[in-house]
Every structure is written in structure tokens, then in C-alpha cells.
Amino acid sequence: MDDRRRVLILVGSPRRNGNSASLAEVSAHAAREAGADVETVFLHEAGIGPCTGCGACRASVEAECVLRDGMTPLYPKLRAAHAILIATPIYSYDMTAQTKLLIDRLYALGSRDGNALKGKRFGFLIVYGAKDEVSSGAATAMRCFRDTFERKAQWMDIVHGTAGEAGSALGNARLVAEAARLGTELARAAR
């Protein structure tokens, strides 16, 4: 039996070389070093459509979303993951549209009889261009993540900070160290 921890990283930036993606890779490397199997998905390339609010998924925790799009292959990965990392830059004072589509479509994993994400470890990487989380709008994204995941999470942490040009986050020693720590913590998902 394979007892390796599975960490799923979901990058909400449309830029593969952007700051969120760069820090997500730091987390991925640390998680691998800690013994986890890691898979990274770039949401911009996944083709996720919006929730239609039909409610068919709410019949039971095993029910599936009736939409067939980029979320279809992600649902089994989300269910199988021991830990999930969501990385997003801040665009227009909030998480990217790609990240918000994901969050909305996670609705399909819950019902009156439970939630398929219950007990998982969650990490969030948020990068913004302004000097602080309030003026950048990152505080809004952080609140959304906390409110959405705190009742499901076994463990949850948010790493956030400022970075400008693509890839410049790697020059921020604090952010890099926190991203690495986050990856290591996610790899410690409970058996």
C-alpha cells in the first residue's frame, strides 16, 4: 500500500512564470523533499466554467457535478489529495477569476451529509503588488479562503506578501522561506 502523501497545487495565475507560480514551485519542491507526491495544475489552462447553481451535486457527498469541463478531472484529484495548496495573485483587489471559478465549483464536493474536503490540509499563497494586504485587496481573498475552508480544514495556513515584476517574489527571502515551510507542512498531511 502506498502511504505517500498527495499534495495538489492549484495555481490561479495566468502566468506560468509569475510570482504565485514561482512560490508555488518553492512549496512543491519542499513538499517533495518532505516525501509527498505533488501535482501542480494551472487553472488558466484547465478550462473551468462557472457553476450554474443547478444543485444536482448536493444530493450526496458522492454526487458529481453535472457539468463536464475542466473541473471534471480535478474532482477526483481533489478527493484523493491529502493536502491542497491554492496560489493566486491579486487582480482588481481580489483573487483571480480562475481561482474564483475553482472556489465556486468546489460547491459540488459538499452536501447535507458531509464534504469531500473535510479533514484535508489547506495552504494558500497570495501575492500582491501593493505594500500591504488591505490596500492590495488581499485581505478580501484571505477572508474568503478562511470562511470557505476553516470548517473543512484539518490544518490551514495562508502565506502572503508583496512582489512586483514576474518572478521577483523569489528575491523576497521571507516569502520564499514561508512558501517552503508551507510546502513542508502540507506534506505532513495526517494518515
Side-chain angles (χ1 to χ4, degrees), residues 1-13 20-21 23-44 46 48 51 56-65 67 69-89 95-96 98-127 138 140-160 178-191:
M1 175 192 247
D2 182 10
D3 65 348
R4 288 173 60 94
R5 303 294 135 251
R6 288 183 298 278
V7 177
L8 179 61
I9 298 177
L10 304 165
V11 180
S13 175
S20 299
L23 290 172
E25 182 51 38
V26 169
S27 293
H29 178 74
R32 284 187 195 100
E33 290 289 312
D37 285 329
V38 179
E39 180 178 1
T40 300
V41 175
F42 286 84
L43 299 175
H44 184 69
I48 299 170
C51 176
C57 61
R58 306 305 278 182
S60 79
V61 75
E62 286 84 26
E64 293 188 11
C65 179
L67 300 177
D69 62 7
M71 277 303 289
T72 305
L74 279 181
Y75 285 127
K77 292 176 184 189
L78 287 157
R79 289 176 184 273
H82 296 96
I84 298 164
L85 171 63
I86 299 173
T88 184
M95 68 185 77
T96 62
Q98 294 88 337
T99 306
K100 184 61 168 86
L101 284 169
L102 168 79
I103 299 299
D104 287 353
R105 294 291 296 282
L106 293 179
Y107 182 74
L109 293 174
S111 71
R112 289 188 186 113
D113 61 341
N115 192 293
L117 299 178
K118 183 101 174 138
K120 295 186 186 293
R121 294 171 84 84
F122 290 95
F124 306 95
L125 285 168
I126 303 173
V127 184
T140 303
M142 285 188 266
R143 176 158 185 213
C144 175
F145 289 140
R146 283 188 189 110
D147 291 350
T148 300
F149 294 96
E150 70 182 349
R151 290 181 305 279
K152 301 174 187 73
Q154 175 190 29
W155 179 89
M156 180 173 60
D157 192 13
I158 299 175
V159 170
H160 62 91
E178 286 292 298
R181 179 194 55 77
L182 184 58
T184 300
E185 291 294 328
L186 290 169
R188 293 182 178 156
R191 294 184 191 277

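Count residues from 1 along the sequence.
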What heavy-atom pair brings [X] and [Y] nearest, and what distance separates the two atoms?
X	Y	result
S20	S13	CB-CB, 4.2 Å
A187	A31	CB-O, 3.7 Å
A138	I126	CB-CG2, 3.9 Å
I48	D69	C-OD2, 3.9 Å
P73	P76	O-CD, 3.4 Å
A87	A24	CB-CB, 4.1 Å

Nearest 0.5 Å, please: how far is [atom2] in [Y] from [atom1] in [X]?
X	Y	atom1	atom2	answer
L10	L78	CG	CG	6.0 Å
R105	C65	CZ	SG	4.0 Å
L109	K120	CG	NZ	9.0 Å
F122	D157	CZ	CG	13.5 Å
D37	L8	CG	CG	12.0 Å
T148	R143	OG1	CZ	10.0 Å

Is there a side-chain contact between [X] and [Y] in this structure, where contact means two heavy atoms from C-beta onward sitting under 4.5 Å apart?
X	Y	result
C144	M95	yes
L125	S27	yes
V61	K118	no
F149	I84	no
I86	I103	yes
E25	V11	no
E64	Y75	no
T184	R188	yes

Is there a donor-acceptor pair closer than 3.5 Å between any side-chain N or O of [X] and the backbone N or O of [Y]?
X	Y	answer
D113	S60	no
R58	Y107	yes
R79	A116	no
T96	G12	yes

Could you verify whether a donor N or O on one side chain and an acceptor N or O on the other, from T99 and T88, lie under 3.5 Å apart?
yes
If you apply the rule side chain to side chain contact (heavy atoms under 4.5 Å, CB included), what do you find for E178 with L23, and how did you get there?
CA-CA 9 Å; E178 286 292 298; L23 290 172; over 6 Å; no
How are the rings of F124 and F145 set relative to one another: parallel (under 30°), tilted (30 to 60°) or perpendicular (over 60°)?
parallel
Looking at K77, E39, H82, which one forms a side-chain contact (heavy atoms from CB on, under 4.5 Å) with R6?
H82
